[in-house]
Amino acid sequence: MSQDAKKRVTDIGPPHYEKFLPEMVKKNYGKWLYHEILKPGVMVHVAESGDKLFTVRTGNPRLVSIHTIRDMCTLADKYSNGNLRFTSRNNIEFLLTDEANIDPLIADLKAMGFPVGGIGNAISNIVHTQGWVHCHSAATDASGIVKNVMDALCDKFESMSLPGKLRIALACCLNMCGAVHCSDIAILGVHRRPPRINHGILSNICEIPSVVASCPTAAIRPTTVNGKQSVEVNEDQCMFCANCFTVCPAMTLSDPLNDGVSIWVGGKVSNARHEPMFSKLAVPFIPNNPPYWPEVVETVSKLVELWAANAHKYERMGEWIERIGWPRFFELTGIEFQKEHIDDFKHAGLSFKRSAHLRF
Amino acid sequence: MSQDAKKRVTDIGPPHYEKFLPEMVKKNYGKWLYHEILKPGVMVHVAESGDKLFTVRTGNPRLVSIHTIRDMCTLADKYSNGNLRFTSRNNIEFLLTDEANIDPLIADLKAMGFPVGGIGNAISNIVHTQGWVHCHSAATDASGIVKNVMDALCDKFESMSLPGKLRIALACCLNMCGAVHCSDIAILGVHRRPPRINHGILSNICEIPSVVASCPTAAIRPTTVNGKQSVEVNEDQCMFCANCFTVCPAMTLSDPLNDGVSIWVGGKVSNARHEPMFSKLAVPFIPNNPPYWPEVVETVSKLVELWAANAHKYERMGEWIERIGWPRFFELTGIEFQKEHIDDFKHAGLSFKRSAHLRF
Amino acid sequence: MSNTSGKTPKLDKLDKGPWPSFVKEIKRAAEKSPMSKDLLGQLELSYEEKIGHWKHGGIVGVFGYGGGVIGRYSDVPDKFPNVAHFHTMRVNMPSAWFYSTEALRKLCDIWEKHGSGLLNMHGSTGDIIFLGTVTDKLEPIFAELTEAGFDLGGSGSDVRTPSCCVGPARCEWACYDTLNLCYDLTMHYQDELHRPAFPYKFKFKCAGCPNDCVASVARADMSIIGTWKDGIQIDNGAVKEYADKGMNIQKDVCGNCPAKCMEWDGSTMAIDNSLCRRCMHCINVMPKALRPGKERGACIMIGSKAPIVEGALLSSVLVPFMKMEPPYEELKDLVEKMHDIWCEEGKNRERIGEFIQRVGLGNFLEAIEVEPSPYMVEHPRDNPYVFYEEYFEEGDEDEGEEEDE
Amino acid sequence: MSNTSGKTPKLDKLDKGPWPSFVKEIKRAAEKSPMSKDLLGQLELSYEEKIGHWKHGGIVGVFGYGGGVIGRYSDVPDKFPNVAHFHTMRVNMPSAWFYSTEALRKLCDIWEKHGSGLLNMHGSTGDIIFLGTVTDKLEPIFAELTEAGFDLGGSGSDVRTPSCCVGPARCEWACYDTLNLCYDLTMHYQDELHRPAFPYKFKFKCAGCPNDCVASVARADMSIIGTWKDGIQIDNGAVKEYADKGMNIQKDVCGNCPAKCMEWDGSTMAIDNSLCRRCMHCINVMPKALRPGKERGACIMIGSKAPIVEGALLSSVLVPFMKMEPPYEELKDLVEKMHDIWCEEGKNRERIGEFIQRVGLGNFLEAIEVEPSPYMVEHPRDNPYVFYEEYFEEGDEDEGEEEDE
Ligand code: SRM
Ligand code: SRM
Ligand code: SRM
Ligand code: SRM
Ligand code: SF4
Ligand code: SF4
Ligand code: SF4
Ligand code: SF4
Ligand code: SF4
Ligand code: SF4
Ligand code: SF4
Ligand code: SF4
């Protein structure tokens, strides 16, 4: 045992990245001159040395089996000197030194059912989260919606017909494990029913004071139910943040009748042209409708199409809406503007229209 | 007595404005075509009928004696058919039908010591308040500072050499009876010493619970001093809003050693080009230095000059600063950026620089 | 060290200079008014000591009115007995501050007889401020004022004196009759103006166009700002004239358009009115060539105020476009509903803008029966904390109908 | 109605379509892994019932580490016993997600042996997510991982796995070495990463330029964004080439410049670099002609996070420009001071961005000994509620020296 303990190494951190850099990258590290997009999913980076590195990008469901990873390795061994990388949006990139390998690689990928694209003015992969596959908090499934939406938008991944980049993200609950709060289009799982309380076990498994303190709107009060200490929720004050559930498993928000998603638009992260922006509420609620979630797919597709048809070149979703104004956005999309769209949280007043700049 | 009571009329409201409209105004009411500025302080409005109405605008200290008002009436009788009006910034306007009267009127006004100007790209009158002349809350005098600043800037009232309009306002305390929160340059009287409490009388003249409740930062607590009920203030939590004083005269904020003014910039009200903007803190504190307040005059003059020298045509102070950025503003003005400039009130986080849009 | 000698060396220094001097004015009044003389003395004391010398507040007024007078007492009445009382009266000015010399002289006479002979033309809310009188004189002044056709303005928790820009009286851009609306509202709310019964003050300001020459967006609980719905009227001949006279139309006009919706090809100006923000800039710069459209009315905005104590607010859009014609019933109905809910549920000293933020704009709209509109917001919410108001319960009819809980 | 038959009619529908299918992946893994088979079954149940079937949390981990494993248990273990335990392990990825096929295959082998054979490439924070194993396997997996040169990433209230964009490895715009900094920080904070001791999580993300290809400004407690201080490098010949090839330089480049600081006269491009906001747009559009300047480094921003529970935050500028060279001491000193004060005074579950807003940025700066700078704000305060910290008292030396009270 003491021998075992001695062998046990910790805190070694990840492997040093240099081990995994392609030779051409090592040689031209920090000395790239410019790049050009050659066709959908394919670009070349030219170094000061004149070296050319070709990138082929393919879609990836993110939730993958080791078998598929091994398949990708086989392709990398065949075409890209045993190197590949993943992108910050979970696409896979093959880094080729030989231009002649591009088309055969693409052919192999397509044969395996993997689309090539996502570069330039395209829709890239949807940043998303666990959903019903792994998380206890999920108000919807992540992978399922992503699959349906990407099926519908795949041609826009495989081409470069859009005015600019379009980034979609999905999070399965308000914790927003991803980029939902700053995406061109965001799909957000939401609960709509106040926590149902398991009075029988609450006081055994949760500390009542911390449950009470967890609620940002002070909707939770201590109470006694059937002689047991528990809590009660003032339902009018509940905004479904699920913070109480995070603190106490006896406060369940998940509910098949009332869970679903909301749709958000106009966020961005890059500093290009416009400063980063938060996403804003477009559709307050769409019920969960697996396996196809047709209403979600339809809404997202429509938003993409309207933007594609109306935005100026380079204009991200949020920049486009800022130019035409929200009244026109709601008119064009046919989405009904409702009470839910009006902010009533901490900084609500700053989101009111505080000028007579009106577009009729 | 009952006869007296019968005669007593109430709720008659102000006189109907039509009684006071010049004949030419009545005739062309709502039928003006365009206007032109003829020279500093003089403009003409042309009606559909072809009628021309000439306006001559003169400065006004706002705090005036009936004798001066009567003098103005004499001029109005002489030159403008017995009509005159005041503007929303307390200037006086003579409405002339005869162009030939313009210069004689101006000559008379100047002889009386009244400058003509304030129209077009000029500095207009300073919107201001009571100060030590009448208000119990004042942290500074209003009329005195205004007089000094306008003395220094009078040439910019009497000419049209500026990039755009420049609106200055002054308020003698944080109640801001005026346009201080939305002015190109604002001078604001501030207290800097926490309320000094008259424990001897407090409980006689104030309700302790409402005093405690009046404080937005909860700095006030009930206490007993020398056997009398009173309150105490946690000085670290005081932000000098004087709301406690408004509620309770025994909480004095005025203090000769610590009162003075702060200077604010970049606000506007009109919707022209840029939406309305709040004024932002430029100089956190300048002590009261009557009768000349030289540091205030110097600061304001410098701000005006920098703006005049650097702004594009039509660019208001706030638009100019938005273009060059606040770092450059502080660099150009030589004002030291301090802790006080950083917001720490309710929406503070939204005033942080939340992008990498940097101007070096 | 304190000054009761009649000497005012500090203030004397402000007697000269190019800008007309308030000291000169006080001195002029002081020639006849002992009150103004003592005001000068007390002010000199303030200049010496760097502190004001007025006691806190004091409630005085005319019979039957709750507002219109601000009580003021010296804290050094022994030194300056003539300003022991120094109350102001707020006299409701006529719309857009037009006067005949006759009326002005009448006011001066009243004030010479009963007051300090000093006034503010005008106060920040717009009133004529009669600066300094004693309690006993309030009723006589009021009697003579009403005799002369004038009445008091507001103070305290009431409708405050409404004000308006010069509008159609002398401005080519007025999109509605600001003077008429201002007068109409003032008359309609006489009771509310004179007898404070609200949680706090309520101000109306009427601006004829988005230039907002009465600063309504910053200083009125209800800001009524003229605007138009159709396109800007363009006289291309006149545009050309401006160009010929040397105006750089591309840079000065189009280049400053916040909507970037103007095209100038050197001879014709085209505006995409669906993008135009009605900001007025192009019209301001070329008044002969461009004019607001023909379908005119006003945008109704609510809630602005100074910072005490939750921070300053700007007004925000409530109704993006309303026709503005007498008797202004739509507007008055709206105001009534707003006042009702605010009086019922507003806290003491809570302005309506603060009230709306506390209860939520959505809830407020429901109470006043106005439909939510995207015009009301700069953008929809960016946080996910939606108070969904309904949910299904097990066994609901087909689980297809939502229950209001 | 519930499905334990092995039939998955709903999920089967997502087996096809142009986008690669996660269902196909689960099925592929299920061929060998009973765990993946039960995952499929339980997921089908969720699709039927429209609700997840995982119990709340569960603390499991490897010996000596406080993070890196997320415990997960089925709430229907009777139906799907193979996912009764279904923990994930977060494996720290290499900088910028570069792999050799050898390393990847090694990871697959480990995961085939001990886990479900399913993974996320990658998690939202950047880790390799090993999706689904049982408590007993954690130690063996960890042993084999370290053997292969890998280690766990963060979870819980610790430093989370830092991530970076592809940067100098394959991007011409990298203003510093993102891969190196990311690796360096990860190694430097191994202890903080593996042993949660903070009030809450702390994330680093490193982007090589303001395009921010790792979304650092939105998702990192410390966002390190490359930028430059001097002027943009212009190759006017290349600009001309773009123009000749049909690019509308005026409209597409200058017209979209947020600073309006570019002039193009048809043959030469001039940029007023004192106004340029380093937004990247012009460089993005003309990569052959324009390049970031030569004086390169990074802007250090702090505080972004998702909304729970005070609303989402974007990072804001702390240090507008810092040279970024190993060993990054200036940066590490800064981080240490930040962590010290946050650990001392932060509340439980309070991210550093929330902490700063609670105590005030000014006070926070004092604590970490950084001078206030206008670069830190979009604009100075617009409310008058200044906490002036000092005042004079009577009798102070000449009344000229301020007292700290
Ligand atoms: C590979 C990747 C970095 C990585 O380390 O993995 C990357 C690589 C490049 N980015 Fe990026 N970006 C990558 C994620 C991002 C992100 C982050 C995200 O999407 O979550 C952003 C911020 C998105 C946002 O604002 O919401 C991002 C905003 C940009 C922009 C700014 C676009 C804009 O107009 O707002 C550019 C410039 C451009 O495309 O002209 C850019 C440009 C580029 C260039 C051209 C840089 C270069 O010279 O090599 C690279 C190829 C562009 C392309 O994909 O079209 N990259 N890029 C990421 C690919 C993700 C993917 O698979 O799609
Ligand atoms: C007389 C007055 C209205 C009244 O009922 O009393 C008035 C009258 C005119 N204003 Fe005004 N404005 C008047 C106060 C204002 C205010 C309110 C204030 O200053 O408190 C504003 C908003 C200021 C702000 O944004 O902070 C105001 C913003 C404008 C603007 C927009 C200027 C801008 O670029 O932001 C214009 C357009 C212009 O000047 O080109 C304008 C234009 C005009 C025109 C040209 C309108 C017209 O066609 O007759 C008038 C003469 C302009 C001038 O003075 O240069 N008026 N104008 C006010 C004169 C005040 C004074 O004595 O100086
Ligand atoms: C006389 C006048 C200043 C002037 O010299 O012109 C004035 C004077 C006072 N104002 Fe005011 N306000 C005056 C216009 C304003 C304005 C401007 C406006 O109406 O356009 C504002 C900003 C807009 C607004 O309403 O928010 C204003 C915002 C305040 C406030 C802050 C209210 C708030 O909600 O933030 C207070 C404090 C309070 O109400 O407790 C206040 C309180 C006061 C008091 C009553 C002092 C007090 O603490 O009780 C002042 C009496 C001074 C005196 O001794 O005469 N005064 N006050 C203005 C009224 C004259 C008139 O009727 O024409
Ligand atoms: C696995 C992952 C989602 C994914 O599918 O990729 C994830 C999964 C969870 N996140 Fe997350 N977060 C993940 C990246 C994020 C990100 C994105 C990022 O790091 O760039 C965010 C937004 C950025 C941020 O940090 O704010 C994020 C914001 C949250 C929050 C909200 C934190 C906040 O301060 O607002 C919570 C709630 C909490 O901490 O209590 C949370 C909590 C959780 C928990 C632990 C659920 C919980 O309530 O305790 C989830 C476990 C799911 C599971 O069963 O495996 N997760 N989480 C991501 C980590 C994978 C990885 O290590 O690579
Ligand atoms: S977004 Fe919510 S449900 Fe989805 S993985 Fe994160 S914590 Fe879990
Ligand atoms: S979900 Fe959020 S708002 Fe609702 S009770 Fe729980 S903690 Fe409170
Ligand atoms: S700003 Fe303050 S001190 Fe000045 S008049 Fe108004 S309430 Fe009085
Ligand atoms: S001045 Fe304002 S912050 Fe200070 S004690 Fe009084 S009410 Fe509180
Ligand atoms: S607000 Fe408009 S209508 Fe009224 S005076 Fe000013 S410019 Fe004319
Ligand atoms: S009114 Fe303003 S937004 Fe409309 S066209 Fe003119 S300048 Fe542009
Ligand atoms: S952030 Fe900048 S340096 Fe990094 S990959 Fe994106 S464009 Fe290149
Ligand atoms: S980087 Fe951005 S701000 Fe700077 S010149 Fe280019 S487009 Fe303009």
Side-chain angles (χ1 to χ4, degrees), chain B residues 9-15 17 20-21 25 29-30 32-35 45 59 61-70 73 76-77 82 85-86 88 113-114 132 136 138 143 147 150-151 154 175-179 181-182 216 241 243 249 254 256 269-273 276 288 290-291 314 346, chain C residues 10 13-14 17-20 22 25 28-29 46-47 49-52 54 56 64 92 94-95 97-101 104-105 108 111-112 117-118 120-121 124 146 149 151 168-170 172 179 183 186-187 190 210-215 217-218 256 258 279-281 287-288 306 308-309 312 314:
Chain B
V9 290
T10 64
D11 300 286
I12 59 168
Y17 54 93
F20 302 142
L21 296 180
V25 164
Y29 196 85
W32 299 102
L33 254 190
Y34 65 89
H35 75 279
H45 283 78
R62 192 180 89 116
L63 171 48
V64 286
S65 66
I66 48 174
H67 314 293
T68 295
I69 296 295
R70 285 178 183 144
C73 288
D77 286 337
R85 74 176 290 268
F86 293 78
S88 63
F114 281 79
W132 293 332
H136 60 207
S143 313
K147 164 72 174 141
M150 284 311 287
D151 276 348
C154 197
N175 284 341
M176 292 197 189
C177 300
H181 57 302
C182 292
C241 69
N243 205 40
S254 292
V269 158
S270 80
N271 288 282
R273 301 168 309 283
N288 276 327
Y314 306 118
K346 286 195 319 193
Chain C
K10 289 203 187 266
K13 298 205 166 111
L14 302 184
W19 190 253
F22 70 104
E25 296 294 328
R28 239 184 131 177
S46 287
Y47 271 55
E49 297 182 348
K50 303 187 193 174
I51 193 161
W54 301 109
H56 188 290
N92 200 140
S95 279
W97 305 283
F98 278 94
Y99 295 93
S100 64
T101 51
L104 270 182
R105 285 204 169 90
C108 290
W111 197 231
E112 177 156 43
L118 283 170
N120 287 134
M121 291 301 272
S124 281
T146 48
D151 198 347
R170 200 208 47 204
E172 65 269 37
L179 287 77
Y183 181 73
T186 310
M187 296 312 286
Q190 278 295 296
N211 281 330
D212 199 0
C213 294
V214 280
V217 80
N256 284 310
C279 85
M280 289 296 295
H281 173 73
K288 282 191 194 171
I308 300 297
V309 294
L314 288 168

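FYI, side chains are in, hydrogens and waters are out, and symmetry mates aren't considered; it's all heavy atoms of this structure. Letters A, B, ... are given to chains in the order of the sequence lines, protein chains preceding strands, and every chain is numbered from 1.
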**Request:** Could you tell me which non-hydrogen atom of C:Gly17 sits nearest to which non-hydrogen atom of B:Asp151, and how far apart they are?
**Result:** C-OD1, 3.6 Å

**Prompt:** Once you round to the nearest 0.5 Å, how far does CD of C:Glu172 lie from CG of B:Leu33?
**Reply:** 8.5 Å

**Complete:** Between B:His136 and C:Trp54 the two heavy atoms that sit nearest each other are CB-O, 3.8 Å

**Request:** Under the side-chain contact (heavy atoms from CB on, under 4.5 Å) rule, what do B:Val64 and C:Leu118 come out as? Steps first, then yes or no, please.
**Result:** CA-CA 6 Å; B:Val64 286; C:Leu118 283 170; over 6 Å; no

**Item:** chain B interface, residue from C:Ser124, C:Cys108, C:Pro258 that has the most non-hydrogen pairs under 4.5 Å
**Value:** C:Cys108

**Message:** Under a 4.5 Å cutoff for heavy-atom pairs, which residue among B:Ala138, B:Cys241, B:Pro276 has the most contacts with chain C?
**Reply:** B:Pro276

**Message:** Can a donor-acceptor pair be found, under 3.5 Å and without considering hydrogens, that links the side chain of B:Asn271 to the backbone of C:Cys279?
**Reply:** no

**Message:** If we define contacts as heavy-atom pairs under 4.5 Å, which of B:Asn288, B:Ile12, B:Val25 has the most with chain C?
**Reply:** B:Ile12

**Asked** Is any side-chain heavy atom of C:Leu314 less than 4.5 Å from a side-chain heavy atom of B:Cys182?
**Response** yes

**Option that, when pairs with chain C are counted at under 4.5 Å, heavy atom only, ranks first among B:Gly113, B:Ser65, B:Pro61** = B:Ser65

**Complete:** Counting heavy-atom pairs under 4.5 angstrom with chain B, the leader among C:Lys10, C:Met121, C:His56, C:Lys50 is C:His56

**Request:** Compute the ring centroids of B:Phe86 and C:Phe98, then answer whether they are less than 6.0 Å apart.
**Result:** no

**Request:** Measure the spacing between OG1 of B:Thr10 and CD of C:Gln190 and express it to the nearest 0.5 Å.
**Result:** 8.5 Å

**Message:** One pair to check against side-chain hydrogen bond (donor to acceptor under 3.5 Å, both in side chains): C:Asn211 and B:Ser270. What are the steps and the verdict?
**Reply:** CA-CA 5 Å; C:Asn211 281 330; B:Ser270 80; 5.1 Å; no

**Message:** So for B:Pro216, is it side chain, backbone, both, or neither that comes closer than 4.5 Å to the heavy atoms of chain C?
**Reply:** side chain

**Item:** Side-chain (C:Asn92) to main-chain (B:Pro14) donor-acceptor, under 3.5 angstrom
**Value:** no

**Asked** Counting only N and O atoms by type, is there a donor-acceptor contact under 3.5 Å from the side chain of B:Ser88 to the main-chain atoms of C:Cys213?
**Response** yes

**Fill in**
When rounded to the nearest 0.5 Å, the distance separating CD of C:Glu49 from OG of B:Ser254 is 12.0 Å

**Message:** Donor-acceptor pair, distance only, cut-off 3.5 Å: does the side chain of B:Trp32 make one with the backbone of C:Ala169?
**Reply:** yes

**Prompt:** Less than 6.0 Å separating the ring centroids of C:Trp97 and B:Phe20?
**Reply:** no

**Message:** With side-chain hydrogen bond (donor to acceptor under 3.5 Å, both in side chains) as the criterion, how do B:Arg273 and C:His281 come out once you've worked through the C-alpha distance, each side chain's angles and the decisive distance to 0.1 Å?
**Reply:** CA-CA 6 Å; B:Arg273 301 168 309 283; C:His281 173 73; 3.1 Å; yes

**Prompt:** Relative to chain C, which segment of B:His45 carries a heavy atom at a distance below 4.5 Å: side chain, backbone, both, or neither?
**Reply:** side chain

**Complete:** Counting heavy-atom pairs under 4.5 Å with chain B, the top scorer among C:Gly64, C:Pro20, C:Gly149 is C:Pro20

**Message:** So for C:Ser46, is it side chain, backbone, both, or neither that comes closer than 4.5 Å to the heavy atoms of chain B?
**Reply:** both

**Request:** Answer yes or no: is there an ion pair linking B:Arg62 with C:Glu25, defined by an N-O contact shorter than 4.0 Å?
**Result:** no

**Asked** So how far is it from B:Ser143 OG to C:Leu14 CG, rounded to the nearest 0.5 Å?
**Response** 10.0 Å

**Asked** Out of C:Pro168, C:Ala218, C:Pro94, C:Ala312, which one racks up the most heavy-atom pairs below 4.5 Å with chain B?
**Response** C:Pro168

**Fill in**
Rounding to 0.5 Å, atoms OH (C:Tyr99) and CD1 (B:Ile69) come to a distance of 8.5 Å

**Heavy-atom pairs under 4.5 Å with chain B, option from C:Ala306, C:Ala215, C:Pro210 with the top count** = C:Pro210

**Prompt:** Taking side chain as C-beta onward, heavy atoms only, is B:Val269 less than 4.5 Å from C:Val214?
**Reply:** no

**Request:** Mind running side-chain contact (heavy atoms from CB on, under 4.5 Å) on B:His35 and C:Lys288 for me, showing each step along the way?
**Result:** CA-CA 8 Å; B:His35 75 279; C:Lys288 282 191 194 171; over 6 Å; no

**Request:** Check step by step if side-chain contact (heavy atoms from CB on, under 4.5 Å) holds for C:Phe22 and B:Lys147.
**Result:** CA-CA 8 Å; C:Phe22 70 104; B:Lys147 164 72 174 141; 3.9 Å; yes

**Message:** Heavy-atom pairs under 4.5 Å with chain B - which of C:Arg105, C:Arg28, C:Met280 has more of them than the others?
**Reply:** C:Arg28

**Message:** At a 4.5 Å cut-off on heavy atoms, which part of B:His181 comes close to chain C: side chain, backbone, both, or neither?
**Reply:** side chain

**Message:** With rounding to the nearest 0.5 angstrom, report the OH to CG distance, B:Tyr29 to C:Leu179.
**Reply:** 4.0 Å

**Item:** Minimum heavy-atom distance between B:Ala76 and C:Thr101, given as atom pair plus value
**Value:** CB-CG2, 3.5 Å

**Request:** Answer with side chain, backbone, both or neither: which region of C:Met187 has an atom nearer than 4.5 Å to a non-hydrogen atom of chain B?
**Result:** side chain

